[in-house]
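Presented below is the structure to which this report refers.
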Amino acid sequence: MAKVFNYDEVPAVSTKAGKVKGYEFDGVHIFKGIPYAQAGRFQMPREVEPWEGVKETASYGFVCPLLTQDTPTGELLVPHRYWPQDENCQNLNVWTTALDKTAKKPVMVWLHGGGFYAGSSIEQIAYDGTNLSQFGDVVVVSLNHRLNLLGYLNLSEYGEKYWNSGNVGNADIVAALRWIRDNIEAFGGDPQNVTLFGQSGGGMKIWTLMQTPEADGLYHKAIIQSGVLEDFIDEENTDAKPLIRAMLKELNMEESDIEKWEDMPYRELADAY
């Protein structure tokens with residue numbers, strides 16, 4: 001039986017920041033690249049600025065820049081997507097079979113792998129939520145957040161605005177969970193029945209969210225798939241200053257120049273790291 005694609009007749013959905021329009025394919029409503037937050041480099045996320053009219057959300061959003069060039073490999077076993085990168089990567093994707101506030105379907109939030117420094121919500125073709133939404137009768141959400149030095153470089157010694165720079169990647173995830181709490185009902189989801197699931201680095205992120213008071217009440221169940229923090233983090237060596245000083249030396253800069261890092265090309269910082 002032929003699968004049906006529908007865009008023109010699909011209604012826009014109202015979110016806290018404005019209306020979004022996705023598309024329907026084979027009975028599943030799909031929304032891609034919905035912005036859930038915004039932030040300055042190394043700084044905490046804040047609510048996204050509201051927009052006028054209807055935002056088209058039929059294309060995936062940017063993924064976080066990576067420290068090294070994406071290199072296609074292993075495609076025969078694990079097909080990948082290679083996607084445009086940009087620091088403004090706080091966006092999420094939704095798959096649902098009902099745009100009905102009374103549907104109250106369970107919500108499953110996918111946290112991608114990559115060990116806090118790589119990966120994306122769409123890195124693997126298997127991350128598409130269509131089948132899980134359709135056959136599991138759930139609302140599926142996947143999200144992008146800041147990674148590597150953009151999400152986890154501790155600059156807290158260099159200014160109050162960087163107080164949580166070593167953890168803003170996870171703060172992005174918390175911001176996405178707040179978005180889900182505030183908006184997922186319009187996509188047929190139950191904000192009181194949210195399950196996190198993630199593999200490898202995604203599982204590790206769940207471990208850390210379980211120790212994050214700001215995430216309390218934003219999810220209710222969790223599935224950790226082969227991602228454990230044991231032996232992954234050096235608990236004895238937590239001082240970021242030697243790394244920061246080494247990067248400054250590599251860049252021929254002084255500690256007083258740290259604020260200039262906010263506007264430097266990402267690649268320069270990544271190469272120094």
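Sequence positions, counted from 1, serve as the residue numbers for this chain.
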Indicate yes or no: at least one non-hydrogen side-chain atom of [X] is less than 4.5 angstrom from one of [Y].
X: K55; Y: K21; result: no
X: I223; Y: W110; result: no
X: R245; Y: E255; result: yes
X: V13; Y: K19; result: no
X: H29; Y: T97; result: no
X: V94; Y: V139; result: yes
X: R81; Y: D128; result: yes
X: F116; Y: T208; result: yes

Which value, rounded to the nearest 0.5 Å, describes the distance between [X] atom [atom1] and [Y] atom [atom2]?
X: L147; Y: C89; atom1: CG; atom2: SG; value: 6.5 Å
X: K32; Y: S142; atom1: NZ; atom2: OG; value: 10.0 Å
X: S121; Y: W83; atom1: OG; atom2: CH2; value: 10.0 Å
X: R146; Y: N167; atom1: CZ; atom2: CG; value: 10.5 Å
X: E123; Y: Y82; atom1: CD; atom2: OH; value: 8.0 Å
X: Y7; Y: I30; atom1: OH; atom2: CD1; value: 13.5 Å

Considering all heavy atoms of both residues, which atom of [X] and which atom of [Y] are nearest to each other, and what is their separation?
X: W51; Y: P35; result: CZ3-CG, 3.9 Å
X: L143; Y: H112; result: O-CD2, 3.8 Å
X: P72; Y: E75; result: CA-OE2, 4.4 Å
X: V63; Y: S120; result: CG1-CB, 3.5 Å
X: N91; Y: Y36; result: N-CE2, 3.2 Å
X: G198; Y: I206; result: N-CD1, 3.5 Å

Between [X] and [Y], is there shared hydrophobic-cluster membership here, with clusters defined by ILVMFWY side-chain heavy atoms closer than 4.5 Å?
X: V107; Y: V28; result: no
X: M210; Y: I180; result: yes
X: M44; Y: W179; result: no
X: I184; Y: L111; result: yes
X: M204; Y: Y127; result: no

Item to check | Test side chain to side chain contact (heavy atoms under 4.5 Å, CB included) applied to Q90 and D172, N144, V48, the passing residue | outcome: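 Exactly one candidate clears the test, D172.
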Checklist entry - Hey, which of N93, I34, T15 is the one that makes side chain to side chain contact (heavy atoms under 4.5 Å, CB included) with T57? => result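 Among N93, I34, T15, the one that satisfies the side chain to side chain contact (heavy atoms under 4.5 Å, CB included) with T57 is I34.
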Checklist entry - Does the side chain of E56 pick up a donor-acceptor pair with the side chain of Y23 at under 3.5 Å? => result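 Note: E56 and Y23 side chains miss the donor-acceptor criterion.
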Item to check | CD (Q124) with more than 12 external heavy atoms under 6.0 Å | outcome: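 Check passes, neighbour count above 12.
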Item to check | Crowding at CD, E52 (>12 non-hydrogen neighbours, <6.0 Å) | outcome: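 No, because the 6.0 Å sphere around CD of E52 holds 12 heavy atoms or fewer from other groups.
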Next on the checklist: Applying salt bridge (charged side-chain N to carboxylate O under 4.0 Å, His left out) to K161 and E262, what does each step give before you reach the verdict?
Outcome noted: CA-CA 11 Å; K161 62 181 174 178; E262 292 183 33; 2.7 Å; yes
Report yes or no: does [X] contribute a side-chain atom to a donor-acceptor pair with the main-chain N or O of [Y] at less than 3.5 Å?
X: S200; Y: G202; answer: no
X: Q85; Y: L66; answer: yes
X: K249; Y: E254; answer: no

Item to check | Worked verdict on D216 versus L218 for side chain to side chain contact (heavy atoms under 4.5 Å, CB included) | outcome: CA-CA 6 Å; D216 289 351; L218 299 177; over 6 Å; no
Item to check | Residues which pass side chain to side chain contact (heavy atoms under 4.5 Å, CB included) with D86, listed by chain and number, not counting sequence neighbours | outcome: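 Side chain to side chain contact (heavy atoms under 4.5 Å, CB included) list for D86, sorted by chain: F62, N88.
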Next on the checklist: Assess the residue pair D26 and V4 against the criterion (side chain to side chain contact (heavy atoms under 4.5 Å, CB included)); give the C-alpha distance rounded to whole Å, side-chain angles, the decisive distance to 0.1 Å, and a yes or no.
Outcome noted: CA-CA 5 Å; D26 197 27; V4 178; over 6 Å; no
Checklist entry - Any ion pair linking E47 and K16 (charged N to carboxylate O, less than 4.0 Å)? => result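 So K16 pairs with E47 through a salt bridge.
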Checklist entry - Mind checking who shares a hydrophobic cluster with L251, ILVMFWY linked at side-chain heavy-atom distances under 4.5 Å? => result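 In the cluster with L251 are F42, L67, L149, L150, L153, L155, Y158, Y162, L243, I244, M247, L248, M253, I258, W261, M264, Y266, L269, Y273.
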Show the atom names and distances, to 0.1 Å, of all donor-acceptor pairs under 3.5 Å that link a side chain in residues 185-197 to residues at least two apart or in another chain.
unit_1, atom_1, unit_2, atom_2, d
E185, OE2, K104, NZ, 2.4
D190, OD1, Q192, N, 2.9
N193, OD1, K221, NZ, 2.8

